[in-house]
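Structure first, commentary second.
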Number of protein chains: 2
Amino acid sequence: MKASLDRIDLKMLRLLQDNGRLTNAELAQSVAVSPATCHRRTQRLFDEGYISHVRAVVTPQKVDRGALVMVGVVLDRSTPESFAEFEKAVAKLKFILDCHLVAGDFDYFLKIRVGDMADFNRIHGDQLIALPGVRQTRTFFVMKEVVDNAPLDF
Amino acid sequence: MKASLDRIDLKMLRLLQDNGRLTNAELAQSVAVSPATCHRRTQRLFDEGYISHVRAVVTPQKVDRGALVMVGVVLDRSTPESFAEFEKAVAKLKFILDCHLVAGDFDYFLKIRVGDMADFNRIHGDQLIALPGVRQTRTFFVMKEVVDNAPLDF
DNA sequence: TCAATAACGGAAGAATCTTCCATGAAGGCA
DNA sequence: TGCCTTCATGGAAGATTCTTCCGTTATTGA
């Protein structure tokens with residue numbers, strides 16, 4: 001699965017992860033191949049799914065999404081139907097950045113971005129506890145973002 | 001802070017968040033301004049920090065980082081020095097994608113990517129519980145990634 | 001050793017970037 | 001109102017880059 005990536009591919013992935021705006025010419029020079037070869041390799045990294053997409057990272061504070069909250073969720077029943085219904089509803093809530101089914105004291109962990117605490121409290125009452133099958137939630141307000149969405153180390 | 005973004009800027013931000021590889025010409029056409037104006041506006045979005053960076057999103061499974069784990073951490077002491085020391089050490093561990101100081105039953109929440117469970121168990125024993133000031137950790141293995149790092153909704 | 005396959009770099013037309021400049025709109029002030 | 005300053009816009013053009021074709025080189029396997 002990943003044996004098809006040589007040193008050059010890996011270096012390209014790391015460089016593009018750090019700076020997705022690198023031009024093909026710059027990238028080619030950085031990994032010491034011709035622009036033509038670099039172009040071909042980059043195309044392959046996209047075509048074969050090594051790079052799923054390229055995203056401009058918007059600064060949350062600049063668009064009034066400066067508050068981060070982690071929420072643990074416990075459902076009423078642990079049936080596949082209950083899980084499916086919950087997940088389907090979660091996908092529609094755009095303020096939920098992460099939603100993961102976990103093993104442990106919670107069923108799901110959510111990572112949520114909103115404008116401020118007041119925003120969250122309203123959303124919590126209106127939309128979170130209203131999600132299908134939710135028995136209880138536990139909220140962890142983030143007081144300091146030490147590391148957020150660090151690049152993948154590989 | 002954000003009042004200086006008009007409709008066009010917001011649309012550009014959303015388009016670039018969805019596809020950071022959009023050419024200036026394409027972006028210009030999508031928001032119905034000239035390439036020159038679009039170029040200037042894009043530059044401003046970067047210069048003034050609305051876009052912090054552009055990242056190629058690497059598929060974790062393709063580079064042997066298919067296992068996701070959430071970890072709650074409790075420190076021995078809740079002193080500023082203890083927090084600072086912990087955070088400094090965390091920043092050096094590249095497999096930690098998120099590290100957030102939270103209010104609640106834990107001091108910190110970590111989001112970690114590794115190859116598999118065996119990988120995590122080794123890392124947990126070697127590096128996590130060895131972090132300065134750690135009293136206890138609670139591990140939540142992610143069994144299903146429902147939503148991971150969704151784009152910001154604004 | 002030799003053939004077959006795959007990957008490479010050079011080259012060139014097409015497209016894009018980037019900047020300069022002139023034009024037109026918006027806001028402040030007498 | 002009339003004028004001036006300030007600012008954002010689009011056209012234009014040289015420089016750069018992209019993208020693909022093609023001949024050559026390296027690697028693999030019999």
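Chain letters run A, B, ... following the sequence lines, proteins first, then strands; residues in each count from 1.
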Please determine whether residues B:Ile112 and B:Val74 belong to a single hydrophobic cluster, defined as Ile, Leu, Val, Met, Phe, Trp and Tyr linked transitively by side-chain heavy-atom distances below 4.5 Å.
no
Under 4.0 Å between a side-chain N/O of A:Thr37 and OP1 or OP2 of C:dG9, yes or no?
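Result: yes.
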Measuring to OP1 and OP2 of D:dA8, would you say a side-chain N or O of B:Arg41 lies under 4.0 angstrom away?
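For B:Arg41, the contact criterion (side-chain N or O under 4.0 Å from OP1 or OP2 of D:dA8) is not met.
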Over how many whole Å does the gap from [X] atom [atom1] to [N] atom [atom2] extend?
X	N	atom1	atom2	value
B:Glu26	C:dT16	CD	C1'	10 Å
B:Asn24	C:dA15	CG	P	17 Å
B:Arg21	C:dT16	CZ	P	14 Å
B:Arg40	C:dT18	CZ	P	13 Å
A:Gln43	D:dT20	CD	P	6 Å
B:His39	D:dA8	NE2	C1'	16 Å
A:Leu22	D:dT16	CG	P	18 Å
B:Met12	D:dA8	CE	C1'	14 Å

Side-chain contact check for B:Ala25: nearest option of C:dT16, D:dT17, C:dG9 is C:dT16
Please work out if A:Ala36 contacts a base, only the sugar-phosphate, or nothing of the nucleic acid, heavy-atom cut-off 4.0 Å.
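Base, at least one base atom sits under 4.0 Å.
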What do you reckon, are the aromatic ring centroids of A:Phe95 and A:Phe120 less than 6.0 Å apart?
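Ring-ring flag for A:Phe95/A:Phe120: false, centres at least 6.0 Å apart.
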Which atoms form the tightest heavy-atom contact between A:Asp9 and A:Asp6, and what is the distance?
N-OD1, 2.8 Å
Distance-only side-chain donor-acceptor flag, B:Glu26 / B:Thr23, under 3.5 Å:
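Looking only at side-chain atoms, B:Thr23 and B:Glu26 do form a donor-acceptor pair, the distance falling under 3.5 Å.
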